[in-house]
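Below you'll find the structure, written out as structure tokens, and then a few comments.
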Amino acid sequence: SPIELELSVGQRLLEESIKKSKKPPYELLCWRTITYDLDSFEGDLDAEFNRELKKLELGESDFEKIIDSPYVQNWFFKYGQNLSIDSIIDKINEHKPKTIGDIDVLVEEALCAIFEDVQPEIFNKKLLMQAYFAHQAGDADVANVLYSLIEPSNFKTELLLHIVQKSIYKYFLEIAQKPTGGVINIFSKKETPKNLADPDFYIKLIESEWVK
């Protein structure tokens, strides 16, 4: 559903998105042309995002509210976007582990490095922004859960673990859809088809153990 933002805040987010992007999407450039005469929010944007959000003592039921929400649904890395996750996938392709427990070990060993690759301050900024969007969309419960995940906690680690698992799952789904089992994109590390693990095996394994 549409998210209502203060015009000045929306304009500020638009300007920052364009500045941060090496090649801004055409849609953003079109919106900048349409909204060029709007005032941009000049205050502390983080303070504005924080204004109506509340931190909660999180429980498992709170965490489950966000996992399938649209605010984190697309939080996963494609191959080539996170070196530590790439390394896990490379090891699966090389060693072809037979159990989910063996993959869990690879994930656990790499989890700290993955979080560093993600850059905690950027990850927290993303949580804050999504919490703000959820609040503006009227999803106050989800907003406050996302906001509460900014602080270090077991649930924050669980969210990161969910992102890692989803990244591995999405990798094998994409490989399975490619007739030759080829490279995911031109920037990815090249792999010859004969070295790739059987994607169908790992899709079934992940779906039986990780996918809820």
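Within a 6.0 Å radius of CD in E121, more than 12 heavy atoms belonging to other residues, nucleotides or ligands are found. Within 6.0 Å of CG in D44 there are more than 12 heavy atoms belonging to other residues, nucleotides or ligands.
Between the side chains of S84 and D117, a donor-acceptor pair is found at a separation under 3.5 Å. No side-chain donor-acceptor contact under 3.5 Å links E52 and Y132. A donor and an acceptor atom, one from each side chain of E15 and S40, are located under 3.5 Å apart. Between the side chains of D90 and Y79, at least one donor N or O sits under 3.5 Å from an acceptor N or O.
Transitive grouping of hydrophobic side chains (ILVMFWY, heavy atoms separated by less than 4.5 Å) keeps L146 and I122 in distinct clusters. In the hydrophobic clustering of this structure, V105 does not group with F172; members are Ile, Leu, Val, Met, Phe, Trp, Tyr whose side-chain heavy atoms approach within less than 4.5 Å, directly or through other members. By the rule that hydrophobic residues join a cluster once side-chain heavy atoms approach within less than 4.5 Å of another member, I163 and I150 end up as members of one cluster. In the hydrophobic clustering of ILVMFWY residues, with side-chain heavy atoms under 4.5 Å counting as a link, M129 and L159 come out together. Cluster membership for L161 and L83, using ILVMFWY side-chain heavy atoms within less than 4.5 angstrom, is not shared.
Separating the CD1 atom in I206 from the OH atom in Y171 is a distance of 11.0 Å, to the nearest 0.5 Å. Between L160 atom CG and H162 atom NE2 the span is 11.0 Å, to the nearest 0.5 Å. Atom-to-atom distance recorded for I168:CD1 and I85:CD1 is 7.0 Å, nearest 0.5 angstrom. Note that the OH atom of Y71 and the CZ atom of F133 stand 10.0 Å from one another [nearest 0.5 Å]. Here the CD-CZ distance, from Q136 to F49, works out to 9.0 Å after rounding to the nearest 0.5 Å. Atom CG in D102 sits 11.0 Å away from atom NE2 in H95 (nearest 0.5 Å).
Under the side chain to side chain contact (heavy atoms under 4.5 Å, CB included) criterion, D141 pairs with K65, not counting sequence neighbours. By the side chain to side chain contact (heavy atoms under 4.5 Å, CB included) test, Q73 pairs with K166, sequence neighbours left out.
I114 and N82 get closest at one heavy-atom pair: O-ND2, 3.9 Å.
Among residue pairs with one or both ends in residues 142-153, those qualifying as side chain to side chain donor-acceptor pair (under 3.5 Å) are N50-Y147, K55-E151; sequence neighbours excluded.
A salt bridge links R51 to E48: at least one charged side-chain nitrogen sits closer than 4.0 Å to a carboxylate oxygen.
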**Asked** Does the side-chain contact (heavy atoms from CB on, under 4.5 Å) test come out yes or no for E158 and E60, once each step is laid out?
**Response** CA-CA 10 Å; E158 194 172 338; E60 193 64 41; 3.4 Å; yes
**Message:** side-chain contact (heavy atoms from CB on, under 4.5 Å), that's the test. Do F201 and K96 meet it? Break it down for me.
**Reply:** CA-CA 10 Å; F201 172 81; K96 301 174 178 58; over 6 Å; no
